[in-house]
Amino acid sequence: MPLLDWARTQWDRALGALAVLIGAILLLVGWMKISDTGFVSEQLPYLASAGLGGVFLLGLGGMLWLSADLRDQWRELRGIRARLDATADLAE
Amino acid sequence: MGILLGMARLHRKAGAAVCAVLGLAIVPLISADAQADATYAAVAEATGTRVILTNQSIPLNVAPQLQGPTASAVQNSLQQSDAYAAFPYPGEEVAGIPGVVGGAAGVPLPAYPFVIATSFGDGAKQLSYPGIELRAESTETLTQSTATGGSTGAGGTSSARVARDGDDVVAKAVTDLDALRIGESLVISGLHAVATASRDSAGKLTRASELSFTRLSAPGFVIGLTNGKFTLQNGTEAPAQNDVPLAQIAAALSGAGYPTTFQVPQETPDGIIGAGLQIQTTLPAPPAGTPGGFSGETPVTYTIGLLRAEVAYTVLPTTPAAADTGVDAGVDAATGVPGAPALPTTDLAGLPGTVPVLAPVAAPVAGIDLASLQASRAAVGSDVGWIYLMVAAVGLAAVGGCAVLYRGAR
């Protein structure tokens with residue numbers, strides 16, 4: 001189950017991808033619902049729910065993905081520092 | 001180290017793939033334009049009979065009026081849903097006296113009791129008195145009211161209804177009077193009047209109206225009225241086949257002491273005002289010394305019919321449907337927002353061949369505030385679809401911005 005293993009170890013990235021996917025689906029569904037009616041009073045609820053909800057999920061997904069990428073950077077930096085420390089110990 | 005670099009490359013590729021998918025997702029949003037805004041305003045009004053009295057001894061030349069059963073429904077696309085039913089209804093001026101006096105004196109007075117009204121969100125209301133039944137209901141898609149006076153077989157009912165089903169809007173006004181006595185010897189029975197206006201999703205307008213009665217008996221003759229044609233009944237219920245010209249009917253009724261005019265249905269730009277009948281008679285002078293100084297003969301005018309049903313409907317001119325509506329609401333040069341549909345008034349005075357109405361047709365429900373309707377449209381925007389696209393673009397920009405921000409940081 002490589003996908004499940006990846007989701008477990010990369011939970012923030014998995015959540016981000018899921019949020020972006022759901023947000024995109026919400027936006028598409030909202031657009032289809034808005035397209036079904038020409039009356040503003042019926043379009044506004046979809047704008048408020050699907051539109052704003054989709055945007056929130058897209059933003060949340062982007063933030064989680066960015067957070068995961070930054071965590072990767074910190075992990076790389078920690079690895080480099082560990083190697084530098086090990087090299088310094090060997091030199092002494 | 002190599003593993004870490006490989007994972008970073010993998011993540012960059014995954015991020016680029018997400019951005020590409022989201023970028024492609026907006027294509028159908030832009031290519032499939034949302035349906036244009038549709039704005040409608042509909043009204044249905046029905047009044048069984050309007051009676052207007054004029055007497056020179058009444059101060060300030062006031063012409064008292066009494067009407068009923070009266071039902072009215074007004075509904076538009078911005079959640080206005082006003083239903084109104086009254087019987088008997090003495091006119092706005094008299095019905096509003098308790099409020100005016102109470103306000104001036106600072107004393108709360110009970111409002112005119114034989115009225116029921118609902119607005120959007122009120123649901124259904126009902127008011128019952130002996131011989132009077134009033135109902136009104138207001139929801140988002142249905143506005144209706146019914147006023148009944150008397151009882152079954154010996155009374156009258158007026159109903160007004162505006163309903164929206166999907167993109168179709170229907171306004172319908174109906175009046176039924178079992179019997180109406182005018183003066184000493186004129187009796188109308190089985191009166192039925194209908195006015196209907198409807199718009200489909202393309203804005204196409206359909207109008208229909210009917211005014212009929214099974215029997216009008218006056219000294220010397222009995223007539224019926226069906227589909228705008230008078231028929232002699234020769235004292236029997238079965239109408240004769242030969243139609244009688246309107247002029248002969250009017251002359252015969254005038255000869256019997258009931259000057260009568262017939263109003264053919266009037267098509268308005270957004271609906272129809274049904275046929276009407278106006279009959280005049282004169283009440284004899286009261287005995288001398290009547291309290292209040294009331295004296296002299298009193299001409300009385302009865303107006304029957306003139307039901308009103310209208311549906312104004314506007315869609316943005318960018319849609320093919322708008323070209324077929326036949327509604328020219330105009331476009332605001334400054335904002336580019338199409339004008340809200342305008343409903344004409346019911347004042348028929350001045351039209352050639354119409355009944356010389358002594359007073360404007362009462363309008364117990366305030367007319368549609370088209371100015372606020374248009375202002376609301378302008379505030380919302382000409383098309384909610386574009387607002388939605390803007391919101392979606394903000395969301396995509398947020399995700400894309402995250403990727404750009406991260407790549408810039410690296």
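Since the structure is predicted, the reported quantities are computational estimates derived from the model, not experimental observations. In what follows, chains carry the letters A, B, and so on, assigned in the order in which the sequence lines appear, proteins first and then strands, with residues in each chain numbered from 1.
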How close do B:A398 and A:G59 get, heavy atom to heavy atom, and via which atoms?
-> CB-CA, 4.3 Å

With a 4.5 angstrom heavy-atom cut-off, could you sort out which part of A:L64 is near chain B: side chain, backbone, both or neither?
-> neither

Region of A:M63 that comes under 4.5 Å of a non-hydrogen atom in chain B | backbone

Identify the heavy atoms of B:V399 and A:L58 that sit nearest to each other, and give their distance.
-> CG2-O, 3.1 Å

Show your working on side-chain contact (heavy atoms from CB on, under 4.5 Å) between A:W31 and B:L389 and close with a plain yes or no.
-> CA-CA 8 Å; A:W31 180 259; B:L389 280 179; 3.8 Å; yes

Atom CZ of A:F56: over 12 foreign heavy atoms under 6.0 Å = no

Can you establish whether the number of heavy atoms outside A:D85 located under 6.0 Å from its atom CG is more than 12?
-> yes

Counting N and O atoms only, with roles assigned by atom type, does the side chain of B:Y388 sit under 3.5 Å from a partner on the main chain of A:Y46, one being a donor and the other an acceptor?
-> no

At what distance, to the nearest 0.5 angstrom, does CG of A:L44 lie from CD1 of B:I387?
-> 7.5 Å

Return yes when atom CZ of B:R135 has more than 12 non-hydrogen atoms of other residues, nucleotides or ligands closer than 6.0 Å, and no otherwise.
-> no

